[in-house]
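First up is the structure itself, then whatever we jot down about it.
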Amino acid sequence: MADTFQAPRGTRDILAPESERWHVLVARFAHAARQAGYRPVIPPMFEDLAVFQRVGESTDVVRKEMFLLEARDGDARQALRPEQTASVCRMFAQHRPATPWKVFYSGSNFRYERPQKGRYRQFDQVGAEVLGTDDPDVDVEIIALAWRFFEQIGLRQVSLQLNSLGDGEGRANYLASLREYFGVHVGALSAQSRETLSINPLRVLDSKRPEDGEIVAGAPRMVDHLSPQDRAHFDGVRAGLDALHIPYELTPRLVRGLDYYTRTTFEFASAALDAAQNAVGGGGRYDGLVADLGGPGVAGVGFALGVDRILLACDAEETFGPPPSAVDVFVVSTVAGTDALELTAELRAAGIGADRAFDSRSMKSQMKAADRSGARLALIVGSQELESGNVMLRPLRADTHQQLVPRVEVVARVRAALDATES
RNA sequence: GUGGUCGUAGCUCAGCUCGGUUAGAGCGCCAGGUUGUGGCCCUGGAGGUCGGGGGUUCAAGUCCCCUCGGUCACCCCA
């Protein structure tokens, strides 16, 4: 007996109609991004491990979730991408495009972690980045692009959380005061948070453990330690969001999981999803990353949105269903010969969506298939039609009668019938 | 990586507590009722190594152990 196989852990097969929503979602995002002057980039699925290590040696993504590739010569250190921002920055450092460089992308990322609903080892993101300017208006444009996209696909329960992590001296001062504060209260922290503290004190702020709640709530806040320049930048971002009427919540505890973030950080959370996996997207500014990857010292800002989670949120909000069938006409034939073959090909060549049955099934069976196809019209060829040089045009979604039409006029008659039933 | 929980037709689930003829239902699929017509209805059919392996027993879907997978929480993130 043959062995049976299943999709690897943390991956899944996406079949229609889910796969159809998926494609439409990505296409809608691409359209929105292109309308805002962003152009697509297609980075490789894997990179030198060192590229991803720049997202932060202290992050879980780098420390334990990397999909390493075993090279034939045994010493090439490469890994499947856990995200695409690092690749985009590497692309910039390599090709030095003119700035501002506005790009978008979509595709799979890989993280080796314990799967859950809405969290997979292979997961898809769409994202956009702007490199080469630190104008706060760009932060606003980036956030607005994601925000309008959520609106466009019908999500109403998404909220924007906003924070600034500062940079340079202000950031260093803040980290010092944070270490001091947690140092005093280390005994009251959970064991896990104590460990996190030694790796990256910032991330303790992100703890969801109840016993940490009080300590975290009383911790010093980055927004109180911003340098005058970073304060001005943050004020600029807020003013821009206000001008566009995009509501946001200031979330001082929002630190995000990647170490490269500076100044503006943000996250989109869906109230329609369970709390643990409610982030449908996030991003921020990363002004030092391109330089870390051997490029010029240019600023950058961007976001990534999780395709799987957006669709889960759409399910929860009952919006963005699968697209209607692309099949307009279903050809039914009970005669031997190439009539069904030719009719179907002729319709398709004329730009009319057409499908048919195979295996010489009974008319009843073929009509069932026609019904299921979602087509609005059935085109029936039987012996009577064949002899008289006609085909039977039968509406499937309307109460109007079927009619005989001359075979030679079929494309024009089908087109007229489709136009008539357009709603 | 840690802990909980679940796994029986393609799908959703009964049966397991208390081991005992050929493992069921609904939906879906196929065919017929209707020798030229889908949806509604009726009838029939196909489809299962009860996730996999081992153990206990005269006997295991049912009890025990291991394992794989889903799911939930933590960690972290999309």
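Lettering follows sequence order; numbering is per chain, from 1. The analysis underlying the following values was restricted to heavy atoms, covering all of them including side chains, and did not include hydrogens, waters or symmetry mates.
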Could you give the distance separating A14(B) and A9(B) at their P atoms, to the nearest angstrom? 12 Å
For C29(B) and Arg372(A) - does any side-chain N or O of the residue sit under 4.0 Å from the phosphate oxygens OP1/OP2? yes
Can you identify which nucleotide, out of U37(B), A31(B), C76(B), has its nearest atom closest to the Glu65(A) side chain? C76(B)
Regarding Glu113(A), tell me which of base, sugar-phosphate or nothing describes its non-hydrogen contacts under 4.0 Å with the strands shown. base
Under 4.0 angstrom, heavy atoms only, what part of the nucleic acid is Asp124(A) near: base, sugar-phosphate, or nothing? nothing
Is the base of A78(B) touched by the side chain of Gln84(A) through a donor-acceptor pair closer than 3.5 angstrom? no
Touch class at under 4.0 angstrom, heavy-atom based, for Glu385(A) against every strand present: base
Just by distance, no angles: are the side chains of Gln277(A) and Gln116(A) close enough, under 3.5 Å, to form a donor-acceptor pair? yes
Do you see a donor-acceptor pair shorter than 3.5 Å between the side chains of Asn390(A) and Ser388(A)? yes
To the nearest angstrom, the CD-C1' distance between Gln384(A) and U37(B) comes to 12 Å
Could you pull out all residues at least two apart from Ser360(A) that satisfy side chain to side chain contact (heavy atoms under 4.5 Å, CB included)? none
Near Arg348(A) CZ, under 6.0 Å, is it more than 12 heavy atoms from other residues, nucleotides or ligands? yes
Please state the P separation for the pair U62(B) and G19(B) - nearest whole angstrom. 12 Å
In Watson-Crick or G-U wobble terms, with both distances under 3.5 Å, the base opposite G10(B) is C27(B)
What's the gap between C27(B) and C40(B) when it is taken at their P atoms, as a whole Å value? 11 Å
Would the number of heavy atoms belonging to other residues, nucleotides or ligands and lying under 6.0 Å from CZ of Arg194(A) be above 12? yes
Regarding Thr265(A) and Glu267(A), is there a side-chain donor-to-acceptor distance under 3.5 Å anywhere? no
Gap between atoms CZ and P, on Arg119(A) and G70(B) respectively (whole Å): 13 Å
Looking only at N and O atoms, is any donor in the side chain of Arg114(A) or the base of G3(B) less than 3.5 Å from an acceptor on the other one? yes
What is the separation between atom CD on Gln6(A) and atom P on U67(B), rounded to the nearest whole Å? 17 Å
Figure out the CZ/P separation between Arg397(A) and G38(B), and round it to whole Å. 14 Å
Which of the following nucleotides, G36(B), A78(B), G33(B), is nearest to the side chain of Lys364(A)? G33(B)
Step by step, work out the side-chain contact (heavy atoms from CB on, under 4.5 Å) result for Leu343(A) and Val329(A). CA-CA 10 Å; Leu343(A) 263 176; Val329(A) 182; over 6 Å; no
With a 4.0 Å cut-off on heavy atoms, is Asp60(A) in touch with a base, just the backbone sugar-phosphate, or nothing at all? sugar-phosphate
Less than 4.5 Å apart, any side-chain heavy atom of Arg21(A) and any of Cys314(A)? yes
Atom pair distance, as rounded to whole Å: CZ in Arg356(A) and P in U37(B): 20 Å
Name the pairing partner of U2(B), where a pair is Watson-Crick or G-U wobble with both distances under 3.5 Å, or state none. A73(B)
So, does Gln116(A) get its side chain near the phosphate of A73(B), meaning an N or O under 4.0 Å from OP1 or OP2? yes
If you find the nucleotide of RNA chain B closest to Val307(A) and the one closest to Met392(A), which residue's nucleotide is nearer the 5' end? Met392(A)
Nearest listed nucleotide, side chain of Met367(A), among C76(B), U37(B), U71(B): U37(B)
Measure CD1/Ile380(A) against C1'/G38(B) and give the value in whole Å, please. 9 Å
Within the side chain of Lys102(A), is there an N or O that forms a donor-acceptor pair under 3.5 Å with the backbone of Ala36(A)? yes
Rounding to an integer number of Å, can you tell me how far Arg253(A) CZ sits from C76(B) C1'? 14 Å
C1'-based separation of C58(B) from U43(B) [nearest Å]: 43 Å
Between the base of U37(B) and the side chain of Gln402(A), is there a donor and acceptor pair under 3.5 angstrom? yes
With a cut-off of less than 4.0 Å, is there a side-chain N or O of Ser365(A) near OP1 or OP2 of A31(B)? yes
Using Watson-Crick geometry (N1-N3 plus N6-O4 or O6-N4) or G-U wobble (N1-O2, O6-N3), each under 3.5 Å, C41(B) is paired with G33(B)
Between C68(B) and G54(B), how far is it from one C1' atom to the other, in whole Å? 15 Å
Both Tyr112(A) and Gln125(A) contact RNA chain B. Which one's nearest nucleotide lies toward the 5' end? Tyr112(A)
Pairwise P distance, C66(B) and U2(B) [rounded to whole Å]: 14 Å
Testing U37(B), A78(B), G69(B) for proximity to the side chain of Ala279(A), the answer is A78(B)
note: Arg111(A), atom CZ; G1(B), atom P; distance rounded to Å ~ 18 Å
Mind checking if Arg256(A) touches a base, just sugar-phosphate, or nothing, with heavy atoms under 4.0 Å? sugar-phosphate
Where the side chain of Leu258(A) is defined as all heavy atoms beyond and including C-beta, which of A78(B), G70(B), C75(B) is the nearest nucleotide? A78(B)
Residue from Thr264(A), Asp139(A), Asp167(A) passing side-chain hydrogen bond (donor to acceptor under 3.5 Å, both in side chains) with Arg285(A): Asp139(A)
Taking the same atom, C1', in G24(B) and in C63(B), what whole-Å distance lies between them? 23 Å
Could you list all N or O pairs between the protein and nucleotides 6-9 of chain B that sit under 3.5 Å apart?
none

Per the atom types in the model, does the base of G70(B) pair as donor or acceptor with the side chain of Arg9(A) at under 3.5 Å? no
If the C1' atom of G70(B) is compared with that of G51(B), how far apart are they to the nearest Å? 11 Å
So what does Tyr120(A) hit on the nucleic acid, given a heavy-atom distance under 4.0 Å: a base, only sugar-phosphate, or nothing? base
Looking for any heavy atom pair under 4.0 Å, which part of the strands does Gly283(A) touch: base, sugar-phosphate only, or nothing? nothing
Tell me if the aromatic rings of Phe268(A) and Phe266(A) count as close, with their centers under 6.0 Å from one another. yes
